Amino acid sequence: MRSTDFTWLIGGPQGSGVESGANIFSKVCAQMGYQIFGKREFYSNIKGEHSYFTVRVSDENIHSNVNAVNLMVSFDAETIFRHFDEIVSDGGIIYDSELENIDTDRVRTLDAPFKERLHKFLKSKNKPFTIAGVLETAKENGIKLYPVSFKNLLTELSEELDNPRMRGLVRMYNVLGVSLSLGLINMPSTSLVDSIDDIFSKKPKIAEMNKKAAIFSYNYASNNFENFSHNLTGIQKQPDTILVQGHFGTSLGKMVSGCRFQSYYPITPASDESVYLESNEILEIENDRPGSTIVIQTEDEISAIGMMIGASLTGTRSSTSTSGPGFALMTEALGWAGINEVPIVITLYQRSGPSTGLPTRHGQDDLLFTVFAGCGDFPKIVYASGDIEESFYDTGNCFNYSDKYQIPVIHMMDKFLSSSVVTCKKFNPKKISIDRGKLLDEVEGEYKRFAFTDDGLSPRSKLGMDNGVFWNTGDESDEYGHITEDPQIRIKMMDKRMSRLDLALASIPIIQQAVSFEVHDYTIISWGSTKGPILDAQDMLKKEGIDIGFVQIKLLHPFPTEYVKSLLQDAKVLIDIEANHSGQLGKIFKQNIAREIDYHILKYTGRGMTSTEIYDSLKKIVQNKAAKREILSHGA
Amino acid sequence: MVLKLADYKTDVHNDWCPGCGDFGIVNALQMALAEMGIERDKATIFSGIGCSGKTSHFINTYGVHTLHGRVLTFAQGGKLANPDMTVVAVGGDGDGLGIGAGHFVAAGRRNIDMTYIIFDNGVYGLTKGQASPTLKLGEQTKSLPSPNTNSNVNPIGLAVASGFTFVARGYSYDVRHLKDLIVKAVKHKGLSFLDVLQPCPTYNDVNTRDWYAGVDLAQESMERHSRIYKLEDTKFDPTVNYAGEVEVNEKLSQALIKSLEWGDKIPTGVFYQNELVSPFSTRLTDKIPNYLENPPAKQIISNAGSPNTDISKILDSLDV
Ligand SMILES: Cc1ncc(C[n+]2csc(CCOP(=O)(O)OP(=O)(O)O)c2C)c(N)n1
Ligand code: SF4
Ligand SMILES: [Mg+2]
């Protein structure tokens, strides 16, 4: 058993510092040697709606959230109403005692369906529809309550420091909440101060005030709160560990891979990556003058892909980052890149559709769309990363695929990954290689951009290169790139382009195509960010003596039929796990492998899967008590 | 090597209708390239989709025949990544002012140093003559079942309002004048726009070559009555000389007012020019000082297959 497995939840209205609070907490725990898995949930809103962050802390590697929350801290009523039932029986709630009399009608942001469910529950328990009512039920379940008046804390602090301005600073409630929590679990306070300095590094004055408030409330908790079931006093730090946010893998991967042009149109959850790239637009280059990434915010996603293709034609590694609605707008140009054999990488941070759908929530519902995106037959690669660390190296591979096979690559990520904060092994840039395929540095003699060759790949010139003049067209073309409608050339050109798919399957190392985490009678197939919760659920079951296999499919198009088939040879029962309604991977799997999926575990609430939910469903499957479609729904 | 006009021609079969105004534009473009002596491999012609979109195949430089309405996006991406090359984007009026109008406006705001030429024939040539955005309300060209129910956009006015810093109009049958305008447009520092009046003998039976020549007007008297005249033959001064607000506003409004002139008299020539607006490359070098010496297309990204980008400082800042 793990000696530490602790989940902390902080919630509050959007804009109240929930995220920076969670970042401080995560940083402190990471600095004290723990592994972190944190995840943010938020509405499509800027100010006022409920957002929350769960941070799971462990002494062993973790890859997911669990259902159970051990400690919740709340400075607003809504967080308590929405999450009190997630706290485990020996857990605790730190809350602002000023909130006790607030009833559900006072909280405007509680929506009607939720309120109805809550009222029904409270009625059954004979409790009033207030914070006090809700907390009573928690207490009856063995949960420890730690009331503290945040207002009084600030007043006392302002008196102690003789600084009346501090009295009304509700913006510091997040830091108070974090510090009270850390005090309660006895986390050494040294790294608390460092983390605040880090988070507010650009605002030293604010950092100063927050540090004072932090120490004050930390001490308050140590002195006033009675003992709690969890003590996290720090463990041996693991070497080479970093704490990263979701988009760091692909952004840093792009810098290292030599991506020097990124065009984008703002969309959640993709734009963080572009903003981060622009914030780091000047690059340090070994033994050379600085390099740079040109990041352009375009007028729409059509322009983003058009610009990226234009840039790629000059030989520049080019990319964009978008989500489903934006990708939908790009599909015409995607086909243009396909017929013109232009290497581009589209990083597709999925969210939950259709249309605008749940714009800030998680989903993996764009797989089929992506595999089939674009009019006409053309080759492309669809590739999915399972976690943030992987996404760094995968970004390098995606650029290589696109250069080597001269085709568009869609690198699939999602909201679950983008809004996670995790500890992982420090990225190693030297493990990324750069292979530009048949990109030319010079041309001699007559040049034909689309020359027929034995391997179906033509040497590639770039706009502006000496003697390398070529033409492109979205029409079918001859070897020079001029329009043709000749039926024989059409056959040859079509075959030439489409042969890339076989070439890719034959030459992409199998370890990059699919990964087997053991195969047993019961074996899971899945793709993308479900990897983390699946690995943790697999581990939980293993500890109970139940072996479940798992094959993570990374190359989704062209589909590695033979390899996946061989991996699954000994599996008797196949379980498909995905965050969408129709089991999209299952469909592709069946189409290619002609084998039935026995069970689906699906979730389409827009909230990421927890390992607990997957564990529960897997157990039901093994016990033969499961439905063919297990539908998950945990999470507020 | 000294380049001749013939060097800029390809031997691709040209399938435009006989008498199409597009021929004049492609000739003028080739003449301009030859006159400026731009090496074939240092220029790229980007084109949209339509009859006009085929232009890039007839010119012996790099040629990128893109998508309907998207030519400016491809062209800007190419120019940003490789600022050393000369970029000319061309396309139809439907392409640039209908489906691509959003890109037109956005391009004006960026002012990237390149040239955009619209082949303004009042119709969607390649799809058999439907009304284009420049066809006037109530006019009925050959293929229209009933008179046009939309008002037209004013390309010159829209360009001026969007921030293009060189705005001019040419006529496809005055090839020399058009060549001169193209040379000026390409040499202009910033984004230049050329609206080229282009008769489409197949589908536009309203704005024909004869109509532009004023043949209908001439019937009433024996004088020459060409509708087209040149702004440079008048006292019109399009150039902004000091970046002062008063002068800029005056030149902008004068261009806008001029652009509304249509009917018996149609101005050609330069409507507006302002080289005092910073080109996009300057906005980039303000934050990335070596952008022009080391642009994306020229950057070396690996050393024998191993990345040379050093992100260790960023990685160290993420250490726990
Ligand atoms: C997305 C898309 N919609 C429609 C078309 C069909 N289409 C081809 S050319 C054209 C219009 C061309 O008109 P214009 O841009 O004025 O060029 P012209 O042929 O007159 O030179 C259209 C609508 C297309 N190619 N792509
Ligand atoms: S249809 Fe009109 S624009 Fe197109 S080639 Fe014929 S004459 Fe020219
Ligand atoms: Mg037209």
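Please read all numbers here as calculations on a predicted model, not as lab measurements.
Using a 4.5 Å cut-off between heavy atoms, M465(A) contacts chain B through both its backbone and its side chain. For S292(A), the parts lying under 4.5 angstrom from a heavy atom of chain B are both the backbone and the side chain. Within the 4.5 angstrom heavy-atom criterion, only backbone atoms of T293(A) (N, CA, C, O) approach chain B. For R40(B), the parts lying near chain A are the backbone and the side chain together; criterion is any non-hydrogen pair under 4.5 Å. Using a 4.5 Å cut-off between heavy atoms, D300(A) contacts chain B through its side chain alone, with no backbone atom that close. At a 4.5 Å heavy-atom cutoff, the contact between I432(A) and chain B is made by backbone and side-chain atoms alike. For F280(B), the part sitting under 4.5 Å from any heavy atom of chain A is the side chain, from C-beta outward, and nothing else. Heavy-atom distances place no part of R449(A) under 4.5 Å from chain B, backbone and side chain included. Of the atoms belonging to F261(A), it is side-chain heavy atoms, and not backbone ones, that fall under 4.5 Å from chain B. The part of I296(A) that comes within reach of chain B is its side chain, from C-beta onward, which places non-hydrogen atoms under 4.5 angstrom from that chain. Looking at V64(B), both its backbone and its side chain come within 4.5 Å of chain A, counting heavy atoms on both sides. Looking at Y276(A), the atoms closer than 4.5 Å to chain B (heavy atoms on both sides) all sit in the side chain, from C-beta outward. Interface remark: D435(A) contributes no atoms to any contact with chain B (heavy atom separation under 4.5 Å). When heavy atoms are compared at a cutoff of 4.5 Å, F392(A) approaches chain B solely by way of its side chain, counted from C-beta outward. Residue contact with chain B, scored on non-hydrogen atoms closer than 4.5 Å, is absent for D194(A). S461(A) touches chain B through its side chain: at least one heavy atom from C-beta onward sits under 4.5 Å away, while N, CA, C and O do not.
For the set E281(A), M255(A), K27(A), the entry with the most heavy-atom pairs within less than 4.5 Å of chain B is E281(A). Of the residues considered (G315(A), G468(A), G481(A)), G468(A) shows the highest number of contacts with chain B, using heavy-atom pairs under 4.5 Å. When each of D198(A), L463(A), N467(A), V256(A) is checked for heavy-atom pairs under 4.5 Å with chain B, L463(A) comes out on top. Chain A forms more heavy-atom pairs under 4.5 Å with one residue of I300(B), T86(B), T73(B) than with any other, namely T73(B). If you tally non-hydrogen atom pairs under 4.5 Å between each of G474(A), G310(A), A304(A) and chain B, the highest count goes to G310(A). For the set N280(A), I294(A), L313(A), the entry with the most heavy-atom pairs within less than 4.5 Å of chain B is I294(A). Top candidate by heavy-atom pairs under 4.5 Å with chain A, chosen from T66(B), L67(B), I45(B), T44(B), is L67(B). The candidate from M85(B), H57(B), Q299(B) with the greatest count of non-hydrogen atom pairs under 4.5 Å with chain A is H57(B). In terms of non-hydrogen atom pairs under 4.5 Å with chain A, the most contact-rich of Q76(B), R109(B), H103(B), H68(B) is H103(B). Looking only at heavy-atom pairs under 4.5 Å with chain A, the residue among G69(B), P295(B), G77(B) that has the most is G77(B).
The CZ atom of F74(B) lies 8.0 Å from the CG atom of N340(A); values are rounded to the nearest 0.5 Å. Put simply, CD1 on I288(B) and CD on E278(A) are 8.0 Å apart, with the number rounded to the nearest 0.5 Å. Between R317(A) atom CZ and S302(B) atom OG the span is 8.0 Å, to the nearest 0.5 Å. If you take CD1 on I434(A) and CG on N303(B), they are separated by 10.0 Å, rounding to the nearest 0.5 Å.
Pairing each heavy atom of T314(A) with each of G78(B), the nearest pair is CG2-O, 3.5 Å. Between P290(A) and N290(B), the shortest heavy-atom contact is O-ND2, 2.9 Å. Summarising the geometry of R289(A) relative to E293(B), their closest heavy-atom pair is NH1-O, 3.7 Å, with the distance given to 0.1 Å. Listed here is the closest heavy atom pair of M307(A) and R110(B): CE-NH1, 3.4 Å. Contact between T316(A) and A81(B) at its shortest, heavy atoms only, is OG1-CB, 3.6 Å.
Here W471(A) and Y62(B) keep their ring centres 6.0 angstrom or further from each other.
Counting non-hydrogen atoms of other residues, nucleotides and ligands closer than 6.0 Å to CG of N287(A) gives a total of 12 or fewer. Within a 6.0 Å sphere centred on CG of D286(B), heavy atoms belonging to other residues, nucleotides or ligands number more than 12. Other residues, nucleotides and ligands contribute at most 12 non-hydrogen atoms within 6.0 Å of the NZ atom of K202(A).
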### Message
Is there a side chain to side chain contact (heavy atoms under 4.5 Å, CB included) between N472(A) and H65(B)? Walk through the geometry before answering.
### Response
CA-CA 6 Å; N472(A) 285 123; H65(B) 182 194; 5.9 Å; no
- Task: Decide yes or no on side chain to side chain contact (heavy atoms under 4.5 Å, CB included) for K42(B) and D466(A), but give the supporting numbers first.
- Result: CA-CA 8 Å; K42(B) 297 296 164 250; D466(A) 294 349; 2.7 Å; yes
Would I301(B) and R260(A) count as a side chain to side chain contact (heavy atoms under 4.5 Å, CB included) if you check the C-alpha gap in whole Å, the side-chain angles of each, and the deciding distance to 0.1 Å? CA-CA 9 Å; I301(B) 59 170; R260(A) 295 295 177 258; 4.0 Å; yes
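Every residue two or more places apart in sequence or in another chain that forms a ring pair (Phe, Tyr, Trp, His ring centres under 6.0 Å) with F166(B) is listed here: H188(B). By the ring pair (Phe, Tyr, Trp, His ring centres under 6.0 Å) test, Y124(B) pairs with no residue at all, sequence neighbours left out.
Residues of residues 237-253 of chain A having a heavy atom under 4.5 Å from any heavy atom of chain B, listed by number: K237(A), T241(A), I242(A), L243(A), V244(A), F248(A), L252(A). Using a 4.5 Å heavy-atom cut-off against chain A, the contacting residues of residues 311-320 of chain B are I311(B), K313(B), I314(B), L315(B), D316(B), S317(B), L318(B), D319(B), V320(B).
Taking 4.5 Å as the limit, some side-chain heavy atom of V469(A) sits within range of a side-chain heavy atom of N60(B).
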